[in-house]
There are 2 protein chains.
Amino acid sequence: MRRDVFQAIADPTRRAIIALIAMQAMTPNALAEHFDTSRQAVSKHLRILTECQLVKQEQTGREIYYHFNPGQMKAVADFIEPFRQMWETKFDQLDKVLSTIKKKKR
Amino acid sequence: MRRDVFQAIADPTRRAIIALIAMQAMTPNALAEHFDTSRQAVSKHLRILTECQLVKQEQTGREIYYHFNPGQMKAVADFIEPFRQMWETKFDQLDKVLSTIKKKKR
DNA sequence: TATTTGTGAAACCAAATAGTTGCGAATATA
DNA sequence: TATATTCGCAACTATTTGGTTTCACAAATA
């Protein structure tokens, strides 16, 4: 079973879960209220997020609060960072084109 | 059919393809030589990458060179950027713990 | 012209995925 | 104690995914 951060954030529901608990730790039930799906489905997503350590649990009584654990996000950052300059350069080139057009209009 | 950048980079082979063609544009055959898989399988990955605009084609004769198109990567960067400070803070806290341990050893 | 080369696309298959339903365990509450 | 709440886990299902095999088409080459 593949369990890496890239696969974890591939699902839009899981990205939404991350965004929610990054703001505030929540229980599965509280999370499920934000989505049009069952508590069990959210629980499954939480399990996947837990397995790749994007999320950690904190049990208080019978409730389990899920916290966001940002450390693993670094793997994603490390992957895209080498390309950052490429897309920023690209925008620079677009700016050049736009300014060229502007000049021609004069 | 879901075709977003997050789903595209979820597959390790596709991430490797991106890393390769980011260095230099390549044909499907040339790409396939780098992997333990068929040219057709690579072609399918390229199709997915093309559909979410992470890659663009340039036909010269009967060969098709695939170029990396970094623009869409920004979506991924935008998603993880809000968390950057969180994991960097985390590392700071780790540093604190480590330095505390160091002090105790003295 | 006939053949080889480079390619995308379709058909098919096994495995993974996201979801549901139905439990049982543990904690809280009457 | 009896009941309700919160939750994880297992079984099952439909869909998606990554891969192979086969094919057709266009460009290069003999």
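Just so we're on the same page: letters track the sequence lines, and every chain starts at 1.
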Among [options], which is the nearest nucleotide to the side chain of [X]?
X	options	answer
A:Arg14	C:dA18, C:dT20, D:dT20	C:dA18
A:Thr13	D:dC9, C:dG19, C:dA18	C:dG19
B:His45	C:dG8, C:dT20, D:dG19	D:dG19

* **base_contact_polar (C:dG22 base, A:Gln40 side chain, donor-acceptor, <3.5 Å)** =>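 Yes, a donor-acceptor pair under 3.5 Å.
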What is the distance, rounded to the nearest whole Å, between atom [atom1] of [X] and atom [atom2] of [N]?
X	N	atom1	atom2	answer
B:Lys44	D:dT17	NZ	P	10 Å
A:Leu49	C:dT17	CG	P	13 Å
A:Arg3	C:dA18	CZ	C1'	11 Å
B:Glu51	C:dA9	CD	P	9 Å
A:Asp11	C:dT17	CG	P	11 Å

* Rounded to the nearest 0.5 Å, how far does CZ of B:Phe68 lie from CZ of A:Phe83? -> 5.0 Å
* **Interatomic distance, B:Asn69 atom CG to B:Gln53 atom CD [nearest 0.5 angstrom]** =>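 Answer rounded to 0.5 Å: 7.0 Å.
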* Counting only non-hydrogen atoms, which of residues 16-39 of chain A are less than 4.0 Å from DNA chain C? -> A:Thr37, A:Ser38
* Asked: Does any residue of residues 58-66 of chain A have a heavy atom under 4.0 Å from DNA chain C, and if so, which ones, in number order?
  ->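 Correct list: A:Gly61, A:Arg62.
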* Are any side-chain N or O atoms of A:Arg14 and backbone N or O atoms of A:Ala8, one a donor and one an acceptor, separated by less than 3.5 Å? ->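 Pair found, side chain donor or acceptor close to backbone of A:Ala8.
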* Asked: Where the side chain of A:Arg39 meets the backbone of A:Asn29, is there a donor-acceptor pair that is under 3.5 Å apart?
  -> no
* **Pair B:Phe6 and A:Phe6, ring centroids less than 6.0 Å apart** => no
* To do: Work out which heavy atom in B:Cys52 is nearest to a heavy atom in B:Gln72; give both atom names and the distance.
  =>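 That closest heavy-atom pairing would be O-CG, 3.3 Å.
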* To do: Answer with base, sugar-phosphate or nothing: what part of the nucleic acid does A:Leu46 contact at a heavy-atom distance below 4.0 Å?
  =>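 No contact.
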* CD of B:Gln24: more than 12 outside heavy atoms within 6.0 angstrom? ->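 Open.
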* Is a salt bridge present between A:Glu51 and A:Lys44, judged by a nitrogen-to-oxygen distance below 4.0 Å? -> no
* Considering only NZ, NE, NH1 and NH2 on the basic side and carboxylate oxygens on the acidic side, decide whether A:Asp78 and A:Lys74 come within less than 4.0 Å. =>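 So A:Asp78 pairs with A:Lys74 through a salt bridge.
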